[in-house]
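One structure below.
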Amino acid sequence: KDPIQIGKYCYYWLDKESSQDYNTYRSPSPRSILEIPAIEIINAIKELVREEYSLPLDKIPTLTAKKFGFSGPGKAISATVKEIVNYMLKNNVIELKGDYVCLSETD
């Protein structure tokens, strides 16, 4: 299978359609952030935003790290989460309102 690419981040899934239908994430996880499929990180971020209605953009890496059982965001976690947040913004999954992130009306 071809990898699904999100910026520099790529992961393998049965196919793109089934990855988009996956709506959960596995936590806590003994995996490194680089072993967690992007769709799981997307789902965790969506859950965070849904729970809080909106979140400060700069808090998302820390809160996402905690969703996966990490004590906090290290360099790799921060970089990965920021890249996925940018992907989510570009694809209208989430939107920025000032410095706060909320779910897009279309999601």
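Given the structure is predicted, the values throughout are model-derived calculations rather than measurements.
Looking at heavy atoms from C-beta onward, Ser104 lies out of side-chain contact with Val93 at the 4.5 angstrom threshold.
Under the rule for a side chain to side chain contact (heavy atoms under 4.5 Å, CB included), the partners of Ala38 that lie at least two apart in sequence or sit in another chain are Ile6, Tyr9, Tyr11, Ile84. Taking the side chain to side chain contact (heavy atoms under 4.5 Å, CB included) definition, one finds that Lys59 meets it with Pro56, Leu63, sequence neighbours left out.
From Phe70, atom CZ reaches atom CD1 of Ile36 across 4.5 Å, with rounding to the nearest 0.5 Å. Put simply, CD1 on Ile60 and CD1 on Ile41 are 13.0 Å apart, with the number rounded to the nearest 0.5 Å. A distance of 11.0 Å separates CG of Leu96 from OG of Ser54, quoted to the nearest 0.5 Å. With rounding to the nearest 0.5 Å, the separation of NZ in Lys67 from CG in Leu48 is 5.0 Å. Rounding to the nearest 0.5 angstrom, the gap separating the OH atom in Tyr100 from the CG atom in Leu55 is 9.0 Å. To the nearest 0.5 Å, atoms OG1 (Thr64) and CD1 (Ile33) are separated by 8.0 Å.
Residues Lys66 and Ser71 approach most closely at CE-O, 3.9 Å, considering heavy atoms. Closest approach of Pro73 to Ala65, counting heavy atoms only: N-CB, 3.9 Å. Minimum heavy-atom separation, Ile77 to Pro61: CG2-O, 4.3 Å. Residues Leu103 and Arg50 come closest through the heavy atom pair CD1-NE, 3.9 Å.
For Asn86, the CG atom counts as densely surrounded, since its 6.0 Å shell holds more than 12 non-hydrogen atoms of other residues, nucleotides or ligands.
Looking only at distances, no side-chain donor or acceptor of Glu40 sits under 3.5 Å from a matching main-chain atom of Pro37.
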